[in-house]
2 protein chains.
Amino acid sequence: MKTETRKEEIIRVAAKLFKEKGYSAVTMRDIAKSMDIKAASLYNHINSKQDILEAIIISLAEQFTTEMLEIKKSEIGAIDKLKQIITLHVRLSSQNIYGMASLNNDWMHLEEQMSYYIKLRSDYENDFKHILEEGIRSGELIAVKPDVMMFSILTTLRSLYLWIPKKEDINLGELSENLSLILLNGINK
Amino acid sequence: MKTETRKEEIIRVAAKLFKEKGYSAVTMRDIAKSMDIKAASLYNHINSKQDILEAIIISLAEQFTTEMLEIKKSEIGAIDKLKQIITLHVRLSSQNIYGMASLNNDWMHLEEQMSYYIKLRSDYENDFKHILEEGIRSGELIAVKPDVMMFSILTTLRSLYLWIPKKEDINLGELSENLSLILLNGINK
DNA sequence: TTATTTAACTAACAACTGTTAGTTAGTAAG
DNA sequence: CTTACTAACTAACAGTTGTTAGTTAAATAA
């Protein structure tokens, strides 16, 4: 486990503050205060407030994209692909709760990287929808509108960051299984 | 249909901006510009920026509370209660998409009214959970942890505001039915 | 030892923030 | 006609914002 750089620490601390108050309401002085330094000192490590947001959001979005690619090309059925997607969200959300909050709530404050983020997200959603459509075609899933299905499942998964921290004792494997049960039995014919 | 007062117009316009950028990122000058007046003129109608946020969030939260009370005391089964809750969310969300965004994303910027809001929300969640527990006891629902069930359903319903506007042609009754099907068949034994 | 890098600091700036004070033109009520 | 109200305006203020410039002490490399 390699030790955290000062830059990584700033990003981690900032993400926590962004989750609590949102990007716009968090000042560079807030971030600095959380690290017991002055705001100007942050600029020895990062270029701008915007850079912090980009670091948080883009790296997470790229992780989702990379792993979706793996799931997509694996030779398994739609139900099993969906189970892997659920596990993916549980894992990334629990690893980076604060980052997931920014990903969900602060992406609209991206500047240069906004369009790149939107492309990653819409590619992800398209892959998701294709899995559902494929599952309907093969008879694995009921024939409800895939849009509504995807919305229902994906919003639940995207909100995991709000919910995981509340249960200290939670078992992540168990959570994935319970979620699969609840989310999929409404789809599984 | 009584005509909108200037104050109501400010609140409506502000809610739209709050949805796009979040409460903190929207300035009084932004709101004013959207109405083609100057920021200072807003203060002829409202007392503060904070008052606008309170008007948006509290009135919506109270509508949910009122209607949950009705559902709670009606003499129907858990499944039917859940269907009514789903319909309630679809209806209130479609009536006030921008307000729902603030309710979900900007409640943490409430000041005096924050604790009142939190009480309304946790009462609502408790009522919701009791309906689920009752349904499990009576055998209507499968015996999965009610916390996970509630999280899954409620986060989907709370995100409706993100999704409804995308489909202009959507039929709200049909949406409620599709959602009931998807959300409940994973629960319905 | 000397030179370089790292990471903190103080001080400041120009732009922007919510809000107030005081004013004014148009409309409605007496 | 006069009065009062509505709803806009200009000007301003005190505080906050992200960021830069220049400096300094400590740690590391030569």
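To find a chain, count down the sequence lines: A is the first, B the second, and so on, and within it residues start at 1. Since we're looking at a predicted model, the values are computed, not measured.
Between B/S41 and D/dA7 there is no side-chain polar atom (N or O) within less than 4.0 angstrom of OP1 or OP2.
Judged as a salt bridge (Lys or Arg N to Asp or Glu O under 4.0 Å), and not counting sequence neighbours, the contacts of A/E9 are A/R6. Take B/N47 and apply the side-chain hydrogen bond (donor to acceptor under 3.5 Å, both in side chains) test, not counting sequence neighbours, and it matches B/D51. Residues meeting the side-chain hydrogen bond (donor to acceptor under 3.5 Å, both in side chains) test with B/E134, sequence neighbours left out: B/R137. Scanning for side chain to side chain contact (heavy atoms under 4.5 Å, CB included) contacts around A/K145 gives A/V148, B/E174, B/N178, with sequence neighbours left out. Listed by chain and number, the residues in a salt bridge (Lys or Arg N to Asp or Glu O under 4.0 Å) with B/E67 are B/R91 (sequence neighbours excluded). Residues passing the side-chain hydrogen bond (donor to acceptor under 3.5 Å, both in side chains) test with A/Q63, sequence neighbours excluded: none.
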Could you list the donor-acceptor pairs under 3.5 angstrom formed between side-chain atoms of residues 79-88 of chain A and any protein atom two or more places apart in sequence or on another chain?
residue : atom : partner : partner atom : Å
A/K81   : NZ   : A/K72   : O            : 3.3
A/T87   : OG1  : A/K83   : O            : 2.9

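We find the NZ-OH distance between B/K21 and A/Y23 to be 12.5 Å, quoted to the nearest 0.5 Å. One distance of note links OG1 of A/T156 with CD1 of B/I153; it measures 9.0 Å at 0.5 Å rounding.
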With the criterion being N/O to N/O and under 3.5 Å, what pairs connect the protein with nucleotides 13-20 of chain C, and how long is each?
residue : atom : partner : partner atom : Å
C/dG18  : OP1  : B/V26   : O            : 3.4
C/dG18  : OP1  : B/K49   : NZ           : 3.1
C/dG18  : OP2  : B/M28   : N            : 2.9
C/dG18  : N7   : B/R29   : NH1          : 2.8
C/dG18  : O6   : B/R29   : NH2          : 3.0
C/dT19  : OP2  : B/Y43   : OH           : 2.6
C/dT19  : OP2  : B/K49   : N            : 2.9
C/dT19  : O5'  : B/Y43   : OH           : 3.2

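Between the side chains of B/N44 and B/S41, not a single donor N or O lies within less than 3.5 Å of an accepting N or O. B/T155 and A/T155 form no side-chain donor-acceptor contact under 3.5 Å, judged by distance and modelled atom types alone. If you check the side chains of A/E62 and A/Y116, you find a donor sitting under 3.5 Å from an acceptor.
Minimum interatomic distance between A/P146 and A/E133 (heavy atoms only, all atoms of both residues): CG-CG, 4.0 Å.
For the contact set between residues 52-59 of chain B and DNA chain D, defined by any heavy atom under 4.0 Å, there are no members. Near DNA chain D, meaning a heavy atom under 4.0 Å from it, residues 104-111 of chain B has no residue at all.
When the side chains of ILVMFWY residues are joined at heavy-atom separations under 4.5 Å, either directly or via intervening members, B/I57 and B/I118 end up in a single hydrophobic cluster.
For the helix from C/dT1-D/dA30 to C/dG30-D/dC1, the end axes, each set by the C1' atoms of five terminal pairs, are bent relative to each other by 10° (nearest 10°).
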Counting primed atoms, P, OP1 and OP2 as sugar-phosphate and everything else as base, the B/S/- map of nucleotides 22-28 of chain D against protein heavy atoms under 4.0 Å is -------
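With C/dC9, C/dA7, D/dC9 as the candidates, the nucleotide lying closest to the side chain of A/H45 is C/dA7.
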